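Notes to accompany the following structure.
Here, residue 1 is the first one in the sequence, and each next residue gets the next number. All values below were derived from every heavy atom in this structure, side-chain atoms included, with hydrogens, water molecules and symmetry-related copies excluded. Every value quoted in this text rests on a predicted model; they were computed, and no experiment measured them.
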Amino acid sequence: MDEAVLVIGAGIAGLCSALALAPTGRPVTVLERDPEPPSGDADEAFRDWNRRGVGHLRQSHAFLARLGKIIKADHPALREALLEMGVRELGFESMLWPAQKATYVAKPVDAEFTLLTSRRTTLELVMRRYVETLPNVAIRSDAMVRELLIEPGPAGVLTVVGVKLDGPEGELRAPVVVDAGGKNSSGVEQLIEQGAQIAEESETAGILYFTRHYRLRPGKSEPQREGNPPFGGDLGYLKFGVFPGDNNCFSVTMCAPEIEYELRKAIVRPEMWDTMIDHLPGLKVWCDADRAEPTSRVFGMGDLLSRWRDLAEGGTPAVLGYFAVGDCLVRTNPLYGRGCSLAAVQAYMVRDVLAQHTDPAERLLAYHRRVQSELRPYYLAMRSQDRNAIKRAEQALSPGYKPNLREKLLLSFALDGVTPAIRFDTDLLRESMRGFHMLEHPDAWIRRPKNFAKILRYWARGKQRNRAAYPPKAGPDRETMLRALGLSHEADIAILAERRATEAKLAA
């Protein structure tokens with residue numbers, strides 16, 4: 001197969017595109033705007049790799065089973081290289097609640113529910129080095145794509161025929177262009193400017209991310225889950241968690257709602273970060289100075305959106321010869337950890353439609369249908385969760401707010417039904433993991449009558465009988481935390497009240 005492919009971007013989406021397309025024999029050229037990675041080990045990559053095009057490079061990452069299964073099945077040598085570099089596999093047993101471990105009996109299916117966990121720089125470094133060994137793939141660094149080359153196509157549909165680069169080379173042409181340039185890729189905007197009918201829906205995810213990296217001191221080990229406070233939690237005004245990494249490293253991520261202005265301004269300051277750690281027992285046990293030391297500053301990340309783009313709205317191709325993959329097509333809240341797996345699945349969809357169809361319009365339509373049917377349910381589920389979280393954050397800043405009966409029931413079903421059920425019933429946990437790891441529709445497991453009936457039984461048992469499923473309190477309430485930080489707990493309440501008053505005046 002001599003049909004050449006240009007891939008814009010050598011991040012996870014671009015590398016997955018190369019992994020998917022390389023076995024087809026097509027010549028694949030990956031164009032990366034940033035310089036080559038360091039030539040040394042994982043620590044050098046974390047310390048020195050300058051990736052202007054990947055703003056979230058040093059945020060926490062975990063890679064779901066959907067991506068891990070692709071690597072294991074199609075590129076086993078890559079999996080071995082990842083493990084050799086220190087990337088870890090966290091199996092199903094690590095997900096068990098203490099009450100389940102005493103009676104746990106492994107099943108073959110458990111091997112499917114494995115997380116890959118490491119620093120993002122480590123995973124990307126190993127993937128890139130592996131992709132560079134593939135015979136028909138070339139990665140070109142410092143290759144800034146300035147714009148798409150676009151020509152009129154059949155029936156007036158725009159056709160992408162290549163890219164325009166900075167520098168003396170000028171242009172590269174190919175019959176297929178895969179845009180894996182990430183959230184900042186300008187390809188879709190350029191197509192829209194030239195008249196392509198590309199539909200887009202976009203809204204805020206409602207949170208900001210903050211991450212700091214640590215390394216265990218020599219001779220120290222990670223704390224055990226049993227007997228310790230929760231290593232992650234949702235306090236309403238703050239979400240937090242620990243992400244085990246490679247080579248004795250780990251990271252801590254805290255997420256603050258957008259409307260918590262006081263908190264989000266303070267959290268990037270090291271002394272504020274450390275104070276928050278001291279007030280979150282599950283984090284303190286990891287970050288205690290005798291156990292670990294920081295290896296980075298606090299990295300912040302904003303502009304988090306849920307965004308869906310449709311290149312064939314109404315079944316009509318908006319462009320030919322062009323496939324958007326990764327964040328330039330679908331963006332989701334990184335809290336759910338699905339971005340890399342979504343990109344990988346899209347890359348393999350591109351591979352399939354190129355093999356199954358020769359007509360450019362049929363290729364785009366086939367890609368569109370699969371993205372819609374297989375991936376949109378995840379997008380909608382995550383967007384719904386974001387919307388609910390935004391409402392809860394606003395309710396926390398609304399003195400005297402009282403939830404209605406429906407809200408009370410839904411919250412109770414989640415906290416007192418679903419949560420105890422999956423923490424007591426190991427088979428039900430397995431079922432839930434299939435949706436979590438993108439191995440089936442995200443809600444399929446809970447819609448099965450047998451599973452739903454189990455959840456109802458645990459809900460009906462009541463909190464007293466389910467008490468072993470409830471963890472200790474993960475941290476202080478909002479007012480206590482903000483007072484400990486020397487921040488006003490009333491300032492953002494006043495801002496929200498003023499905003500609502502303004503909105504009410506405009507509506508009147």
Side-chain angles (χ1 to χ4, degrees), residues 60 62 88 90-102 104 115 117 207 209-217 220-245 248-257 260 263 266-267 270-294 298 335 337 389 392-393 396 411 414-416 418-424 426 429 432 436 463-485 489:
S60 297
R88 295 166 61 184
L90 299 183
F92 177 72
E93 190 170 355
S94 67
M95 313 290 177
L96 297 175
W97 195 247
Q100 295 169 315
K101 288 196 171 183
Y104 171 65
L115 280 169
T117 179
I207 65 168
Y209 250 55
F210 303 90
T211 293
R212 195 176 196 185
H213 291 260
Y214 297 79
R215 184 188 297 278
L216 294 170
R217 294 188 183 278
K220 298 295 183 178
S221 59
E222 296 175 355
Q224 296 299 307
R225 186 176 175 187
E226 292 81 2
N228 277 310
F231 297 156
D234 184 352
L235 303 176
Y237 67 92
L238 183 74
K239 296 179 176 67
F240 65 91
V242 177
F243 291 75
N248 292 318
C249 294
F250 66 92
S251 59
V252 171
T253 290
M254 301 189 201
C255 306
E260 290 282 359
L263 185 62
I267 196 171
E271 70 275 13
M272 293 290 195
W273 177 272
D274 290 340
T275 299
M276 294 179 71
I277 294 286
D278 287 341
H279 285 76
L280 298 167
L283 299 186
K284 184 175 175 59
V285 72
W286 276 84
C287 301
D288 184 85
D290 290 336
R291 185 187 297 272
E293 60 180 340
V298 178
L335 180 69
R392 291 196 302 272
L411 183 61
L415 297 182
D416 305 320
V418 176
T419 299
I422 62 175
R423 288 178 174 172
F424 282 118
T426 303
L429 178 63
S432 71
F436 172 78
K463 293 182 178 181
Q464 182 60 28
R465 291 186 64 190
N466 291 336
R467 62 186 180 276
Y470 298 102
K473 189 176 180 182
D477 61 36
R478 178 180 180 275
E479 180 176 345
T480 301
M481 178 65 86
L482 267 64
R483 285 188 182 277
L485 297 171
H489 69 281

Ring centroid separation W286 to F250 under 6.0 Å: yes
Exam field: side chain R215 to backbone P294, donor-acceptor pair closer than 3.5 Å: no
Short side-chain to backbone donor-acceptor contact, R467 and Q464, under 3.5 Å: yes
Between [X] and [Y], what is the shortest heavy-atom contact and its length?
{"X": "P420", "Y": "A469", "result": "CA-CB, 3.7 Å"}
{"X": "F231", "Y": "V285", "result": "CE2-CG1, 3.7 Å"}
{"X": "G475", "Y": "L235", "result": "N-CD2, 3.8 Å"}
{"X": "R478", "Y": "H489", "result": "NH1-O, 2.7 Å"}
{"X": "P230", "Y": "P471", "result": "CG-CB, 3.7 Å"}
{"X": "K101", "Y": "E93", "result": "CE-O, 3.9 Å"}

Can you find a heavy atom in the side chain of [X] that is under 4.5 Å from one in the side chain of [Y]?
{"X": "M276", "Y": "L485", "value": "yes"}
{"X": "D274", "Y": "R212", "value": "yes"}
{"X": "F210", "Y": "T253", "value": "no"}
{"X": "S60", "Y": "Y209", "value": "no"}
{"X": "R217", "Y": "D290", "value": "no"}
{"X": "S251", "Y": "V242", "value": "no"}
{"X": "Y470", "Y": "T419", "value": "no"}
{"X": "M95", "Y": "L115", "value": "yes"}

Check against side chain to side chain contact (heavy atoms under 4.5 Å, CB included), V298 and M254: CA-CA 10 Å; V298 178; M254 301 189 201; over 6 Å; no
E226, CD atom: more than 12 neighbouring heavy atoms under 6.0 Å: yes
Atom NZ of K220 with >12 non-hydrogen neighbours under 6.0 angstrom: no
[atom1] of [X] to [atom2] of [Y]: how many Å apart, nearest 0.5 Å?
{"X": "L96", "Y": "I422", "atom1": "CG", "atom2": "CD1", "answer": "11.5 Å"}
{"X": "I277", "Y": "H279", "atom1": "CD1", "atom2": "NE2", "answer": "12.0 Å"}
{"X": "R225", "Y": "W97", "atom1": "CZ", "atom2": "CH2", "answer": "5.5 Å"}
{"X": "T426", "Y": "F92", "atom1": "OG1", "atom2": "CZ", "answer": "6.0 Å"}
{"X": "E222", "Y": "L216", "atom1": "CD", "atom2": "CG", "answer": "6.0 Å"}
{"X": "L482", "Y": "Y237", "atom1": "CG", "atom2": "OH", "answer": "7.5 Å"}

Residue pair V252, W273: steps toward the side chain to side chain contact (heavy atoms under 4.5 Å, CB included) verdict: CA-CA 10 Å; V252 171; W273 177 272; 3.8 Å; yes
